[in-house]
Every structure is written in C-alpha cells, then in structure tokens.
There are 2 protein chains.
Amino acid sequence: MKMSTRGRYALIIMINLAKNEEGYLSIKEISEKENISIKYLEKIISLLSKAGLVCVGHGKNGGYKLVKKPNEYKIGEILRVTEGPMEPAPCINDSNCDKKDTCEVYSFWNGLYENINSYVDDKTLADFL
Amino acid sequence: MKMSTRGRYALIIMINLAKNEEGYLSIKEISEKENISIKYLEKIISLLSKAGLVCVGHGKNGGYKLVKKPNEYKIGEILRVTEGPMEPAPCINDSNCDKKDTCEVYSFWNGLYENINSYVDDKTLADFL
DNA sequence: TGTAATTCCTACCAATTTGGTAGTATAATA
DNA sequence: TATTATACTACCAAATTGGTAGGAATTACA
C-alpha cells in the first residue's frame with residue numbers, strides 16, 4: 001500500500017507548474033529545485049503530457065504549463081495517470097465476478113477503494129498553493 | 001496503491017480460522033477451500049504465527065486457530081503483519097524531516113495515511129462472519 | 001513404537017515493477 | 001541557423017511479488 005515515486009513526483013511537478021501559472025516552466029528548473037534527475041522527471045511528465053494534463057512549449061523558453069486552473073485539477077486525476085486506478089484488490093473491477101453483492105471481502109476492499117478515491121478526488125492542486 | 005496477495009490471503013486465512021473457532025484448521029483445508037497453493041499459504045501463515053495472531057497445533061490433527069475472539073482482531077492489525085505500515089509516502093514516519101508542520105505535501109499524504117488506517121482499524125474479523 | 005499428518009525452516013526462482021540512465025531525434029524560436 | 005527545449009526509444013540494476021522444493025521437527029493415534 002504505497003504510492004510509487006512516479007505518483008509522488010507527478011504531484012510535485014504539478015504543484016510547481018501551478019505556482020508558475022504565467023509562463024512555461026522547464027524540466028530543468030523543476031529538477032534543480034526539487035533535486036530529482038532531469039531524465040526521470042522527463043519520463044514522468046511525458047505521461048502527464050500524453051494524458052493532456054499539461055501543455056508543451058517547445059524550443060527556447062519552452063517547457064510545460066497547466067491547461068486548466070489549479071482548482072480544476074483533482075489530485076486523484078493526477079495520481080491515476082501515473083499509478084493507474086488505485087484498486088487495493090483486483091476484484092474491484094473484475095467483471096467476471098458475479099458474487100459482489102454477497103461477498104464480504106469484496107465489500108471490504110471496495111469500501112477502502114472508495115475511501116481512498118474520495119480522499120484524493122476531494123482535494124485539488126489549489127490546496128497546495 | 002494496491003494490496004499484495006500476501007495481505008489479501010492473510011485476511012482470507014483469518015476469516016477461515018474465525019469461522020472455525022472450535023478447533024484447529026490445517027493449511028491443507030484452507031488451501032483446498034480457497035484454491036491457493038499450500039506452500040504459499042504456509043509462508044503467509046507463518047508471518048501471522050510469528051506475530052502472535054494465531055496459535056499452532058503441531059503434528060497430526062494440528063493446524064491453526066485464533067488466539068482472540070474475532071471481534072478483537074482489527075483488520076489493520078492483520079494487514080500490517082504482511083504489508084508493514086501502510087504509508088503512502090516515505091516521509092510519513094521520517095524523523096529526519098523537520099518541516100512536517102508546514103509541508104503541504106506531507107499533510108496531504110499523512111491525511112491519506114490516516115484515512116486508510118482508520119478504515120482498516122475500524123473493521124474487525126467479526127464483520128466477515 | 002511406528003507411521004501418517006502436520007507445521008517449521010531454509011533455500012531457491014521467475015516475472016514484474018520500480019527507479020532510473022543514455023543517446024538521438026524532433027520541434028520551435030530568438 | 002544555432003540554440004534550447006521536449007520526444008522517443010532502448011536499456012539496465014535492484015527490489016518486490018508470487019511463488020516452489022525439500023527436508024526436519026513434532027504430535028496423534030493405531
């Protein structure tokens with residue numbers, strides 16, 4: 001039950017972009033500020049970019065910036081890009097299981113799932129400014 | 001953010017023992033009922049045994065049984081034996097970090113941590129009977 | 001007292017995930 | 001057109017996950 005560095009770094013990246021709403025922020029700047037390798041950040045931010053959470057400026061003075069306002073980003077939205085759906089047990093979205101309505105174990109894991117997701121979806125990037 | 005099979009199987013084992021409060025239940029019986037390999041179950045139950053959550057009957061007609069009543073086992077107690085502390089981020093119990101009281105990121109992860117733990121500590125084995 | 005049933009312990013192993021690094025291509029713009 | 005960025009592809013080591021194998025120790029019971 002841990003979040004990988006991908007998810008944690010993705011959040012850090014997004015907070016940095018949120019604090020720099022005016023212009024583009026380059027990977028290099030984030031890397032230096034947060035002490036995370038450029039190459040690894042590059043890999044993580046490309047996930048955010050492909051998911052359409054950030055937009056790209058190429059060339060000189062380029063970098064990344066948010067496409068929405070900070071309060072429009074649920075943290076869950078960011079984490080799911082790098083972590084996938086945060087399901088504690090594989091049965092959560094198993095359409096082959098037809099006993100969900102009576103299974104005590106399913107309802108336990110599903111409750112945890114809903115708990116986690118409502119926590120992360122209840123907070124936005126704006127909460128970090 | 002997933003629970004490994006160790007944690008999930010540990011819960012299944014404990015539910016089986018709870019349903020068999022009278023006597024000893026062998027790994028073989030659990031294995032056959034739940035379709036999980038004997039050898040893997042053996043490994044997981046030895047963690048529960050070392051942690052003192054179950055007691056052992058050796059030799060013929062032996063097996064395992066609970067040492068407490070089902071309602072005295074918090075699920076969190078069981079999961080932490082196989083999963084360790086369920087900390088989403090390593091900073092949660094990092095005594096070297098002295099910025100916790102002002103760090104927004106820490107307070108976010110810590111909130112998630114408390115959320116998860118209060119969920120799993122709020123339920124007991126008796127809820128599965 | 002012997003044997004079957006059971007746990008205990010140590011070691012091993014393959015697949016996947018995690019946390020990166022390296023090098024080159026491509027794109028934009030000053 | 002040179003420079004500064006991102007984009008893409010490939011690779012890699014370490015840790016974790018999810019097991020398996022084999023034998024030793026313990027106990028019940030015939």
Side-chain angles (χ1 to χ4, degrees), chain A residues 1-13 16-17 20 23-32 34-65 67 79 81-90, chain B residues 1-13 16-17 20 23-32 34-65 67 79 81-90:
Chain A
M1 284 301 282
K2 36 186 74 163
M3 194 62 58
S4 71
T5 54
R6 287 195 312 281
R8 291 187 288 115
Y9 290 174
L11 177 57
I12 289 175
I13 288 167
N16 275 274
L17 296 184
N20 190 67
Y24 288 102
L25 192 60
S26 74
I27 294 182
K28 199 184 168 202
E29 290 171 286
I30 302 174
S31 161
E32 283 166 0
E34 302 289 351
N35 255 302
I36 306 172
S37 97
I38 291 187
K39 284 296 189 179
Y40 193 36
L41 279 185
E42 190 178 306
K43 198 166 159 181
I44 293 167
I45 208 167
S46 90
L47 297 171
L48 297 169
S49 171
K50 276 174 190 157
L53 268 65
V54 298
C55 69
V56 183
H58 288 271
K60 195 165 182 178
N61 298 330
Y64 299 89
K65 66 176 184 183
V67 300
L79 295 178
V81 167
T82 58
E83 301 286 320
M86 291 175 283
E87 299 160 354
Chain B
M1 286 302 282
K2 36 186 74 165
M3 194 62 58
S4 72
T5 53
R6 286 195 312 281
R8 291 188 287 114
Y9 290 173
L11 177 56
I12 289 175
I13 289 168
N16 274 275
L17 296 185
N20 189 68
Y24 288 102
L25 192 60
S26 73
I27 294 183
K28 198 183 168 202
E29 290 171 286
I30 302 175
S31 161
E32 283 165 359
E34 302 289 350
N35 255 302
I36 305 171
S37 99
I38 291 187
K39 283 298 188 177
Y40 194 34
L41 280 184
E42 194 180 285
K43 198 166 160 180
I44 293 167
I45 209 166
S46 91
L47 297 172
L48 298 170
S49 171
K50 276 172 191 158
L53 269 66
V54 298
C55 69
V56 183
H58 287 271
K60 193 164 183 178
N61 297 331
Y64 299 89
K65 67 176 182 185
V67 298
L79 296 178
V81 168
T82 58
E83 301 285 321
M86 291 177 282
E87 300 160 353

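To find a chain, count down the sequence lines: A is the first, B the second, and so on, and within it residues start at 1.
- The side chain of A:Y40 contributes no N or O atom lying less than 4.0 Å from OP1 or OP2 of C:dA22.
- Distances shown here put a side-chain N or O of B:Y64 below 4.0 Å from the OP1 or OP2 atom of C:dC8.
- Between A:R6 atom CZ and D:dA15 atom C1' there is a gap of 14 Å when expressed in whole angstrom units.
- The interatomic distance linking A:K65 (NZ) with D:dT6 (C1') rounds to 16 Å, in whole Å.
- The two residues A:T82 and A:G7 make their nearest non-hydrogen contact at OG1-CA, 3.2 Å.
- Of the candidate nucleotides D:dG18, D:dT27, C:dA27, C:dA27 has the atom nearest to the side chain of A:H58.
- Remark: P of C:dA5 and CG of B:L25 are 17 Å apart, rounded to the nearest angstrom.
- Residue B:K43 is in base contact, counting any heavy-atom pair closer than 4.0 Å across all strands shown.
- The two residues A:G62 and A:S26 come nearest to each other via the heavy atoms O-CB, 4.0 Å.
- For the pair A:L48 and A:Y64, the minimum side-chain heavy-atom distance is 4.5 Å or more.
- The nearest pair of heavy atoms linking B:V67 to B:G52 is CG2-O, 3.6 Å.
- A:E34 places its CD atom 18 Å from the C1' atom of C:dG19, with the value rounded to the nearest Å.
- Backbone-only engagement by A:K50 is indicated by non-hydrogen atom pairs under 4.0 Å involving sugar-phosphate atoms exclusively.
- At C:dG20, one or more side-chain N or O atoms of A:Y9 fall inside 4.0 Å of OP1 or OP2 (strictly under the cut-off).
- Side chains of A:I27 and A:I13 form no contact here, defined as non-hydrogen atoms less than 4.5 Å apart.
- The interatomic distance linking A:I44 (CD1) with D:dC8 (C1') rounds to 16 Å, in whole Å.
- For the pair B:E83 CD and D:dG18 P, the computed distance is 9 Å after rounding to whole Å.
- Toward the 5' end of DNA chain D, the nearer of the two residues A:E42 and A:K60, judged by each one's closest nucleotide, is A:K60.
- In this structure, A:N61 does not reach the C:dA28 phosphate: none of its side-chain N or O atoms is under 4.0 Å from OP1 or OP2.
- Mapped onto DNA chain C by nearest heavy atom, A:S37 and B:G57 fall at different nucleotides, with B:G57 at the one closer to the 5' end.
- Under 4.0 angstrom from either OP1 or OP2 of C:dG19 there lies at least one side-chain N or O belonging to A:T5.
- At a cut-off of 3.5 angstrom, the base of D:dG18 holds no donor-acceptor pair with the side chain of B:K39.
- Counting heavy atoms from C-beta outward, B:M1 and A:K2 have side chains that stay 4.5 Å or more apart.
- The separation between A:K28 atom NZ and D:dT4 atom C1' is 10 Å, rounded to whole Å.
- At whole-Å resolution of the value, CG in B:L47 and P in C:dT7 are 15 Å apart.
- Under 4.0 angstrom from either OP1 or OP2 of C:dA5 there lies no side-chain N or O belonging to B:S26.
- Among the protein residues, B:S46 comes within range of no part of the nucleic acid, since none of its heavy atoms lies under 4.0 Å from any strand.
- Across all strands, A:I27 comes closer than 4.0 Å only to sugar-phosphate atoms, never to a base (heavy-atom distances).
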